[in-house]
Structures are given as structure tokens and as C-alpha cells.
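Both counts, for ligands and for their atoms, begin at 1 and track the order of listing.
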Amino acid sequence: MNKTDHRIDAEAWPLKNRPARNAAIEAQVAALLGQMSLEEKVGQVIQADLASVTPEEARDYHLGSILNGGNSAPGGNNRAAPQEFLDLVDSFFRASTDKANGRTAIPIIWGTDAVHGHNNIVGATIFPHNIGLGAARDPDLIRRIGEVTALEVRTTGMDWTFAPTLAVVRDDRWGRTYESYSEQPDIIASYAGAMVEGLQGIPGTDDFLSHDHVLATAKHFVGDGGTEGGADQGDCRASNEEMRDIHAAGYPPALDAGVQTVMASFNTWHGRKMHGCREMLSDVLVGRLGFDGFVVGDWNGHGQVEGCTVTSAAAAFNAGLDMFMAPDSWKGLYETTLQDVRAGRISEERLDEAVARILRVKIRLGLFEAMPPKERAFAGDFSLLACDDHRTIAREAVRKSLVLLKNDGVLPIRAGSRILVCGEGADNIGMQCGGWTLSWQGTDNENTDFPNGQSVFAAVEDAVANCGGSVDLAPDGNWMEKPDVAIVVFGEHPYAEFQGDRDTVDYSSDAPLQMMKNLQAEGIPVVSVFLSGRPLWVNPELNASNAFVAAFLPGSEGAGIADLLVGDMAGNPRHDYTGKLSFSWPRDPMQTPLNVGDADYQPLFAYGYGLSITDSHVPVEHDESCALEVRGSYRLADLFIAGQARGGWQLLLAEDDGKALAINGPKVASASGLISVEAKDHKAQEDTRIATWKGPASLLISGPPTDFSREVNAQMSLIVTCRVVSPPAGPVMLTLKDGDGGEVQVDISQDIRSDNDWQTVAVPLSHFVSDKLNQKAVTQPFGLYAENPWSLQIEGIRVGSWESGDTNA
Ligand code: BGC
Ligand code: BGC
């Protein structure tokens, strides 16, 4: 992409005054700057991740901040007790304020992704993800959620949350669609200030950044929701006006509300990385919009800027990035940045400016007078996590975020009914919560991980207790005694970031539809509750349901769902549906981008749609003919699934020196028969392949050069779901190749169990990091080479985040 073909016109952005600075704070900043050594200043602009740093290192390198990333927790345990988090935060703070050997004691700030409640902490209130909150159209609710979140973050001694996300998501194939309040800028503009004030308190009052508040982050600046094809970290090609009026709509109100930090975005704008874009970070954000806090980078985002690496990033810093998020790269980055200043590649003025911005925020937060985290107000008071008041607000948020798409009159369910709750989501709080919950992807959560949460099943049970009703749980849909009505809870499995990128907006699972049809065939009315991070094409499921509720990702308060599904003994509603779609709902699995205001706007359910319980509604049949040959939407990270290589990838076999042969038919063998591959039924027809080696040969996946550096950066693995048919009698080399003949091999024979059970083998991509492989141009992301006979049945191959026990292949 030609980088000069698009000019960023800063003058076209509104000119706002910077909030007045406080003379006493400025004097304190100046005094500190005068005292700090060069080393101390450089450390101040670097943030490291908990998983890669100790308190002693943070002290010795004078680090300015620590974060706990989505998969980082005390002792690597995502279910660590809140007290363990508090202990760690406290020990880092104490180390940072150590004055021994003439150190300037600059207290550390701790950042966390509290993006739907304090979601990294077991037992916290988990609110609906932003997409559901958008349906509520209720800024006051958003403010209260911010207040609750801040207080719960405070119990663990942390100071700062990387929220709110102000992305205006335009293409719902993006895996982060659920982190967005709406496809429309006005909802985001009306929520941005409310959330910031809820988290930080109201500027100009004593409440601002007081002990029950935390720093907020407006993220990701800017254009994150506008990338081509909804690609994570992709290219936004919006015009200057679209950038200002759509994608940046949340920033002026967030700044008016005093937001203290802004996170630079991973995306490019017409090919230019936001992390290195001086016009946006400096000229627009600081110069025009009057931002007076500091700009933090995203997870190693500085390394993606032209001329930079994760450990050397002067260009990003000079463009206006004040604090690097350098999770695992902080040490190398510290050394290089120090040299950059000494060599003049970074000026002392620029360094002082960035440090001053960070110090100002720390002073405003009261950190220099603050007690160590453990001794602060609310610290350790874990009874505040999901206390009654907080759960009440979350339950209200759930009620307001549900959108009723269809109701032939079956809702509300009379409280005295015999109710069957079925489907995968019936008793599954993890599925209700989605990604960014206890772990990054949120994939392996059990109900026991939510001691204060309630599943839909448990909540419906509560709702009918003492009303003469009864509830049976049957995730597989098989009932013992015929129910009066069935609630089918189904939807997407948890995901985060690019793991959730899809190629279509089809909802692609067959099982729920079959369950609905079976129930209806028995004369049982079906109430569907759809858990999803975005609108998806569900016409067949809508037709097979008597009522259909889009619940998005409601979080831990299942009671909010039961409030709306179950009426009183007489069958009157206890609450009404007030949620209105904040995203347009597709009429076709390929209908994306789809946004209100499009020239040819023909959604199935328009932006703003949402029935009330009293609406008389004559259901219509929706067109079930599908634009896709085979229904299905694949994660772009899936290399092989449902018996086929996906995306641009091809499944091939090859003998030692022979030419690779594409595996197209159900049974393919190499020229001399050293390897053969056969389709085999497992959960569905021909959804797996059995590869059988008789001699030296390979099974390969190959395709056009593909950049895997962000997967490496995110510490991902190559994940293979498989079953050993007959065990290998020697090494099995997993081989990755690039387009220039580079390759790295790892023997994985010891990682594969030789019993006959299904297993998931996860090989960290870090094993392939080497100068022998160009990770930006991988042409063979998977290759199994063996010389001795063996046989393996494969169900799935993907690049993903391995979160202990995740078998979501
Ligand atoms: C995400 C941010 C997040 C950060 C820290 C990044 O990958 O893009 O939204 O705040 O990680 O977890
Ligand atoms: C971290 C997340 C981060 C992501 C970046 C993960 O390993 O846990 O916090 O957002 O990498 O892609």
C-alpha cells in the first residue's frame, strides 16, 4: 500500500482546549524530572507483564507500570485467589517505592483489562459485554457499571483498567465485535463519557480519581472497528471525515470526562500503523483534542511500526507513544531505548515530555501520597466482589441488554409450567461470559469458576420455585417427562481478538437447530436464547423457534434472563423487554458490512429493532436458502476443520523427495504408497482424516505466505486435535516452512500420547522462533514428517491460545 496516498488532515478535527493544569502538580513534576536519572526516566515509559517480570526487576529497571494480560496471573494460575493478586500488586508497589541507593521513588501503576467487570478475578461481577450494553441505550447504567467495576478493581489494589473500548465496529466478522457498544457513533459518544466518569469519578470534584475510582483508558485509538473485512489489526480505509465522525466519535466525550490514558490501536490507517502515527497521536489527539494524559501502547504494538521491533522502537516513541506495553520484551526495549536517548535518536525533550505526562497522571491519582495497595481503602475487602448491590446492577444490565426478536405469544412463560432448559448454553456460565473472562479467550471456564454467578438453568429454577413450576436440565435436549415449553440456550463459544475473526456472519452449528426441530415435532414450544458476540445469520433457527431472544454475552447474572423469560403464576410478565439492537441483523450469511445508513440497507432486523412483550407479532417465515454452498463460518485461525483445510490452505501429502499431492478425494495415496490419507466419520460425515505412514513421508498444510508474527506475539500454539490409531516408532517432526526455503523442525513424538483416546496436542509457536524461519511469510504452518510406520486420525488443526484444558478445536 502506498503510504503517501492518504493525508491525515489534523486541521479538520475539532480544536478543544486542554484542561487547565494545576500549578502545584506542575511544580512536583518538574522537581521529580530534575531528580530522576536517565535510567529512571527510561524505565518510567515501560510497562511489563506480570508473567515476565519480578518486583526486584521492576525496581532495578525503574519500570513505570505493570499489567496483568489476559492470560497472566499469579503463579500462572488464572483462578488465583483475589488475595494473591493483591499480594503481588502490593509487592511491586513496595519495590517501586524503595528509596535505597538514592533511587527516586516513583510508585508503579497497575493496569488490567477490567472490560466487563473485574473479569480476571474469580468471584467478581461479570457484566454483559459492550454489545449487550449498547442495546440498553442507558448512559446512567453505564456510569453505574463503571463505578462498580472501579470498586471491585480496587479490592485487588490495582489502579487502572484498559477500558472502555470505543471501537465503532462496522464489519461483524471481527472477533472483537462484542467489545463494541454499537455500529453507530452516537451510542458510543453517549456512553464514552459516562463510563469514564463511572470509572474515574467526575473531574473538578473531590470524587475525581479518589480512592474508590481507577484510571480509565479510551481504546483503541483509532479506527479499530473500521478495518477491511473486519480483520483484527487490519487496515482501516476510512476517509478523514469518517475517521473523525464515526471511528473517533467516542474520544471527544471521553476526553471531556477527563480520561487519563488513551491506548494506541493495532490497526493501520491507509497502511500506516497507528502506533507510529505522529499526526494522529500527537497532532490530532494532543494538539487538536487537547488530551492531557498519556498514550499507552497495545501489547507489543510498537514492534509493528516500520523500522521498529519489539525491543527497539524509537520511531513509535517519537510519534507520541508515551508508555510502551512491552509485556515480555521490556528488558531489551529498556536497553535499546536507553541507547536511543544517549545516541540522540530520541531527544531528551521527548523523553521528558513522556515521563511528565505519566507522572502527572500518577500525581492526579494520588499515588505519591498513597499507602501501599494492601493498606488502601477497600483493598482486601473481597466481600465487595459481586456483593448484592453489584449483582443487582448487573442483573438490571442483563434485562436491558436482551433483545426480543420473535414471540408468537409463548413468552412470558407461566411460572407454574414444566420447563425444560436445554442446549449447550443451558447451564454454562462460561459461555454466557465469552472472552476476556478469567483467561484471555475465556474458553475453559466451568460453572465452579463463577462462585457468585448463575446459569440460565439455575436462574429459571429460582424463578419458578414456590410457584408450582418445575425445571429439568437437559443440555442434549432429551427429556424424561414431556415439558410444557423448552428453553434452548445456544450460540457461539468464547473467543477473543483475532481468534474470533470469521469469514462470514453465519451461525454454523447444526445441533441446536436439530434440537429445536425435534422439540417442535413433539409439540413442545421452543424459546431460543442466543448467546453470541455479534448478530449472526440464524434464519433456520428463528423459524424453528416460537420465541427468540438475542442475549449477546450477558455475563454472570443469569437471573436477568429468567426475569424476562418467566412471568408470574398467571402468565403475566414480571418485566418487559426494552433492549433495541445496536447492530443491524443480517438477512444473509454474507451480508457484511451491514450498517444503518448504507445505501442499500436491507437487514433482517434493522438497527433499533426489538419487540416488547406486549407487541402483537405475527411471526413470518424467513428465507432459509443460504448463499453459502455449505453452511458454516470458520475461524480464520482454523487451518483444518470438518475434514477440510480452510481459508487459503491446502492439505497435501508428499514422499521424501516427491512432489506434494493435494488431498481432494476421500482417499488419496502417494506414488509409492508411503503415505495415504482417508476421510473418516467422527462426529459428522467425513469430518476427520486418517493419515497412515508406511515409510518416509509428510502430511502438509500449505498456502500463500502468511504473517504469523502476531500469533507468535500472543504466545499462541499450534493445536492439533487427534487420536493415535497406531503409535509412531520413532521421531515425528513437526515442520514449519517459509517461502524462501527456511524451515524449523521440532520432534513432537513425545508430546503425543499413544493410547487410542482423542487428545489435544499444543505445540507453542515459540518453538519455531528462529532466524531460520521468516514468521512473517509462512507458507507451511503445519507439516508432519515421519520415517517409520504409524497412523493418526486428525479432527482439527488450528493456531490458537492454549488455556489449560481448552479443547475447543
Ligand atoms: C488488546 C488490548 C488489551 C491488551 C492487554 C491487547 O492485545 O488489544 O485491548 O488491553 O492486549 O491485555
Ligand atoms: C495476552 C493478552 C493480550 C494478547 C495479545 C495474550 O497472550 O494474555 O492480554 O491481549 O496476548 O494478542
Side-chain angles (χ1 to χ4, degrees), residues 46-53 65-73 78 85 109-121 129-130 149 153 158-167 169 174-181 195 199 214-225 227 230-234 236 250 259-268 273-275 294-304 310 321 323-330 434-442 495-501 533 637 709-716 800-801 803:
I46 293 178
Q47 179 184 57
D49 181 82
L50 162 63
S52 309
V53 67
S65 177
I66 304 293
L67 87 149
N68 59 303
N71 278 334
S72 311
N78 285 331
F85 277 91
I109 35 171
W110 191 289
T112 191
D113 288 288
V115 297
H116 62 144
H118 195 13
N119 46 61
N120 284 303
I121 302 295
H129 268 298
N130 288 351
T149 304
V153 170
M158 302 177 187
D159 320 272
W160 177 15
T161 173
F162 305 125
T165 294
L166 302 179
V169 174
W174 191 28
R176 304 191 81 162
T177 301
Y178 65 79
E179 296 186 59
S180 168
Y181 296 119
M195 182 52 97
L199 290 166
V214 293
L215 297 172
T217 306
K219 78 182 187 186
H220 312 82
F221 190 74
V222 61
D224 47 354
T227 61
D232 191 53
Q233 309 191 3
C236 177
V259 74
Q260 293 294 299
T261 77
V262 168
M263 189 184 289
S265 189
F266 271 127
N267 64 276
T268 49
K273 279 278 167 199
M274 281 299 112
H275 274 70
F294 68 85
V295 178
V296 63
D298 203 342
W299 190 271
N300 275 331
H302 54 271
Q304 299 185 8
V310 294
L321 199 69
M323 182 185 277
F324 296 108
M325 187 185 286
D328 46 358
S329 50
W330 60 269
W436 295 109
T437 308
L438 302 183
S439 61
W440 180 35
Q441 297 291 321
Y495 52 79
E497 299 188 46
F498 47 100
Q499 282 283 282
D501 284 7
S709 50
R710 63 182 185 178
E711 284 81 359
V712 171
N713 176 35
Q715 298 153 1
M716 288 184 155
S801 173
E803 300 176 354

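- Residues Tyr178 and Tyr495 bring their aromatic ring centres within 6.0 Å.
- Interface atoms of ligand 1 facing Phe162, defined by a heavy-atom separation under 4.0 Å, are 10 (O).
- Less than 4.0 angstrom separates some heavy atom of His220 from each of these atoms of ligand 1: 2 (C), 8 (O), 9 (O).
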Going through the checks in order, is the side-chain hydrogen bond (donor to acceptor under 3.5 Å, both in side chains) test met by Trp440 and Gln499? CA-CA 10 Å; Trp440 180 35; Gln499 282 283 282; over 6 Å; no
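- Below 4.0 Å from some heavy atom of Asp298 lie the following atoms of ligand 1, by number and element: 1 (C), 2 (C), 3 (C), 4 (C), 6 (C), 7 (O), 8 (O), 11 (O).
- Between Glu497 and ligand 1, at least one pair of N/O atoms sits closer than 3.5 Å.
- For the ligand labelled ligand 1, residue Phe266 lies inside the 4.0 Å heavy-atom shell.
- Using a 4.0 angstrom heavy-atom cutoff, Arg176 counts as in contact with ligand 1.
- Residue Leu67 approaches ligand 1 through these ligand atoms, each under 4.0 Å from one of its heavy atoms: 5 (C).
- Within the 3.5 Å criterion, the main-chain N or O of Val115 finds no donor-acceptor partner in the side chain of Asp113.
- Between Phe324 and His302, the ring-plane angle classifies as perpendicular under the 30° and 60° cut-offs.
- In this structure a side-chain-to-backbone donor-acceptor pair under 3.5 Å is missing from Lys219 to Ala163.
- Heavy-atom proximity to atom 12 (O) of ligand 1, evaluated over Asn713, Asp113, Asp224, is greatest for Asp113.
- Geometrically, ligand 1 and Lys219 share a nitrogen or oxygen pair separated by less than 3.5 Å.
- Counting atoms of ligand 1 from 1 in the listed order, those under 4.0 Å from a heavy atom of Trp299 are 6 (C), 7 (O), 11 (O).
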